[in-house]
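For reference, the structure discussed in these notes is given below.
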2 protein chains.
Amino acid sequence: MTNFYHIRDLSSNFEDYLKIIGDLEAGKDQVRSKVIAKTMKVKPSSVTNALQVLREQKLITYEPYGPISMTSKGKRFWLIIHQKYKTVKGFLTEILEIDHETADKLACTIEHKISPQVTERILLLKQFLKDENLCGTNAIDRLHDFFSKRTEESEKEIGKEIPRFLLSVLKPGEKATIHKIDGDKAIRQKFLDMGLIRGQEVVVERVAPLGDPIEITVRGYSLSLRKSEAELVIVK
Amino acid sequence: MTNFYHIRDLSSNFEDYLKIIGDLEAGKDQVRSKVIAKTMKVKPSSVTNALQVLREQKLITYEPYGPISMTSKGKRFWLIIHQKYKTVKGFLTEILEIDHETADKLACTIEHKISPQVTERILLLKQFLKDENLCGTNAIDRLHDFFSKRTEESEKEIGKEIPRFLLSVLKPGEKATIHKIDGDKAIRQKFLDMGLIRGQEVVVERVAPLGDPIEITVRGYSLSLRKSEAELVIVK
DNA sequence: GGTAAATTTTAGACATGACTAACTTTTACC
DNA sequence: GGTAAAAGTTAGTCATGTCTAAAATTTACC
Ligand SMILES: [Mn+2]
Ligand SMILES: [Mn+2]
Ligand SMILES: [Mn+2]
Ligand SMILES: [Mn+2]
């Protein structure tokens, strides 16, 4: 009866095209077909096809070879997807301490399937953990301690105890995985924003004469850390 | 396209076929094409096609018109998917208090994309919240109180305060949505196992003369509750 | 302004995984 | 055992969304 092939809801993939267009429009530059193709890891002709579909749905305005811009309906849609993405990715990185790349991929799947209620609950859970102050310690910090304790225990069980160091003792060219970040809430948040998170791989690029500053690469980005900051990061 | 969490060359949909075959095999009855079709909401010919694909991957043994059964490789993969499914669904229902139907659908998407690490972290988060027992109250209970407080607040804000009753005062034929469940941890767990969870819709079928027991329908299942139990459930 | 390079579109092929319709095999029942 | 119903398969169609190759358009630069 209801042939759901004919119901033109927007598929996950086309929601992603819209998401990327929205992200690009938020930047200064004009939205380019080529950039969309590169971001989606798809050939330019696929982008053209997607643009035509999005135009049909009145989510963007666009003519052949012409500029691409979102309609207000498109912007509304984009905002919804964007918020879901941010919520899920934030949950994965900040609460579960999943590395950015994995979190990105998973969030990009979930964002299309998640209901407003689930989104709200995740936000509330996050808020709950951030505000909850059990015995003087923040709940998220306790959770993350719990994560590292358990990880250590299971590593011990399978007998592969991996030595740990401070990031500050590594030499140029050495690679390591972040195990834990010490320091107060503010500094942890700062590290988080830079993409320094448990499980994230980092490469030490250069170390200044007295070990300060230290230049590292994280997810393709270059970062410069004070020695005092690098001493808060435990790697393995 | 090497995605190492998933079965190589098996799409999410075909993982679901395998999952259903495994679930059915866990029951007593022989696995029937017709049942798979019904569960997947798909025509029988689509099932035949899927069976051929699964056989090609050596996940099941099967010949035309013959019995269907999983190979040991198939069982191994089924277990992996099944555990991911259980983890995600458990998180959604027990922690986030999402209704079973929504949780099912979302878990069925996520199960194919989630890495072992994320699965483990979700389990640890759940365990952390369950064990955390400071200030006398269990963390999950505190979280759920936090959820209801926030829900009430936002309802008040948009001016649509919905009246609440005890489930025990409803009359046959009346429908309601569960708002909160009082009682201790054990009884809450019991309700949870029956599918009684915040946001879940219930219909009162019959009420015995003195209001005990009360027969209700939840997600198509019939349940009989003591009056004393029904008095713990707040609905709207 | 003219030409080459870059970008984008069109046209058509192809893989996937649904579907319908017709056919085959199995099961059920007298 | 014979026959009809049920279950399952095969064959062919269709929508989706990718791709390649070639054509069209825009841009960059002398
Ligand atoms: Mn133009
Ligand atoms: Mn996405
Ligand atoms: Mn047989
Ligand atoms: Mn699934």
Side-chain angles (χ1 to χ4, degrees), chain A residues 1-21 24-25 27 29-57 59-70 81 105 108-109 112-113, chain B residues 1-3 6-21 24-25 27 29-57 59-70 81 105 108-109 112-113:
Chain A
M1 166 81 70
T2 351
N3 195 341
F4 34 115
Y5 282 102
H6 294 173
I7 297 170
R8 287 304 298 254
D9 229 6
L10 206 55
S11 75
S12 295
N13 254 355
F14 284 0
E15 280 190 12
D16 277 344
Y17 279 111
L18 182 65
K19 196 179 76 164
I20 286 168
I21 292 169
L24 291 173
E25 217 169 67
D29 301 334
Q30 218 198 283
V31 181
R32 291 258 163 237
S33 194
K34 191 193 161 195
V35 180
I36 302 172
K38 202 178 162 194
T39 318
M40 290 283 288
K41 285 174 187 160
V42 127
K43 299 295 167 194
S45 58
S46 304
V47 176
T48 303
N49 176 58
L51 294 177
Q52 288 164 355
V53 171
L54 293 176
R55 179 179 51 191
E56 234 161 71
Q57 303 278 328
L59 293 163
I60 62 170
T61 59
Y62 145 82
E63 278 176 84
Y65 300 104
I68 298 157
S69 77
M70 288 201 292
I81 302 170
K105 271 194 223 144
C108 191
T109 300
H112 312 290
K113 308 290 178 181
Chain B
M1 203 139 300
T2 14
N3 216 334
H6 326 133
I7 305 168
R8 238 221 289 219
D9 296 334
L10 204 61
S11 71
S12 295
N13 255 355
F14 285 0
E15 281 189 12
D16 277 343
Y17 279 111
L18 183 66
K19 196 179 77 166
I20 286 168
I21 292 170
L24 291 172
E25 217 169 65
D29 302 333
Q30 218 199 285
V31 182
R32 290 255 163 239
S33 193
K34 194 192 160 194
V35 181
I36 302 172
K38 203 178 161 194
T39 318
M40 290 283 289
K41 286 175 187 156
V42 128
K43 300 295 166 194
S45 59
S46 304
V47 176
T48 303
N49 176 58
L51 293 176
Q52 289 165 353
V53 172
L54 293 176
R55 178 180 50 190
E56 233 160 73
Q57 302 278 329
L59 294 163
I60 62 171
T61 59
Y62 145 83
E63 278 177 84
Y65 302 103
I68 299 158
S69 77
M70 288 199 292
I81 302 171
K105 270 192 225 148
C108 191
T109 299
H112 312 290
K113 309 290 176 180

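So you know, we letter chains A, B, ... as the sequences are listed, proteins then strands, and number each from 1.
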Legend entry - side chain to side chain contact (heavy atoms under 4.5 Å, CB included) between A:Leu24 and A:Asp29, intermediate numbers included: CA-CA 7 Å; A:Leu24 291 173; A:Asp29 301 334; over 6 Å; no
Inset, instruction - Carefully, step by step, assess A:Met70 and A:Leu59 under the rule side chain to side chain contact (heavy atoms under 4.5 Å, CB included). - result: CA-CA 6 Å; A:Met70 288 201 292; A:Leu59 293 163; over 6 Å; no
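Spacing between atom CZ of B:Phe14 and atom P of C:dT16 amounts to 9 Å, rounded to whole angstrom units. In this structure, the CD1 atom of A:Ile21 is 14 Å from the C1' atom of C:dT8, given to the nearest Å. In this entry the distance linking OH of A:Tyr17 with C1' of D:dT16 reads 12 Å, nearest Å. In this entry the distance linking CD1 of B:Ile68 with P of D:dA7 reads 14 Å, nearest Å. For the pair A:Glu63 CD and D:dT26 P, the computed distance is 11 Å after rounding to whole Å. The interatomic distance linking B:Tyr62 (OH) with C:dT26 (P) rounds to 12 Å, in whole Å. Distance A:Gln57 CD to D:dG17 P: 11 Å, rounded to the nearest Å. The separation between A:Met40 atom CE and C:dT8 atom C1' is 17 Å, rounded to whole Å.
As judged by a 4.0 angstrom heavy-atom cut-off over every strand, B:Val42 is placed among residues touching the sugar-phosphate backbone only.
In this structure, A:Thr109 and B:Lys113 approach most closely via the heavy-atom pair CG2-CG, 3.6 Å. Scanning all heavy atoms of the two residues, the minimum distance from A:Ile21 to A:Ile36 falls at CG1-CD1, 3.7 Å.
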Quiz: residues 42-56 of chain B side-chain donor-acceptor pairs under 3.5 angstrom, not counting sequence neighbours:
residue, atom, partner, partner atom, Å
B:Thr48, OG1, B:Pro44, O, 3.4
B:Arg55, NH1, B:Tyr62, O, 2.9

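Axis deviation across the helix from C:dG1-D:dC30 to C:dC30-D:dG1 amounts to 10°, comparing end segments of five pairs, rounded to 10 degrees.
Atom CZ of A:Arg32 is separated from atom CD1 of A:Ile68 by 8.5 Å, given to the nearest 0.5 angstrom. Put simply, CD on A:Glu25 and CG on A:Leu18 are 9.5 Å apart, with the number rounded to the nearest 0.5 Å.
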Sub-3.5 Å pairs of nitrogen or oxygen atoms, protein against nucleotides 20-22 of chain D:
residue, atom, partner, partner atom, Å
D:dT20, O4, A:Ser45, OG, 2.9

Atom pairs under 3.5 Å, N or O on each side, protein against nucleotides 5-7 of chain C: can you list them with distances?
residue, atom, partner, partner atom, Å
C:dT7, OP1, A:Lys34, NZ, 2.8

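Evaluation of the ring pair (Phe, Tyr, Trp, His ring centres under 6.0 Å) rule for B:Phe14 yields B:Tyr17 as partners, not counting sequence neighbours. Residues forming a side chain to side chain contact (heavy atoms under 4.5 Å, CB included) with A:Glu15 (at least two apart in sequence, or on another chain): A:Leu10, A:Ile81, A:His112. Every residue two or more places apart in sequence or in another chain that forms a side-chain hydrogen bond (donor to acceptor under 3.5 Å, both in side chains) with A:Ser69 is listed here: A:Thr61. By the side chain to side chain contact (heavy atoms under 4.5 Å, CB included) test, B:Lys34 pairs with no residue at all, sequence neighbours left out.
Phosphate proximity of C:dT9 to A:Gln52: absent, as no side-chain N or O sits under 4.0 Å from OP1 or OP2. Proximity of A:Asn49 to the phosphate of D:dT16: no side-chain N or O atom is located under 4.0 Å from OP1 or OP2.
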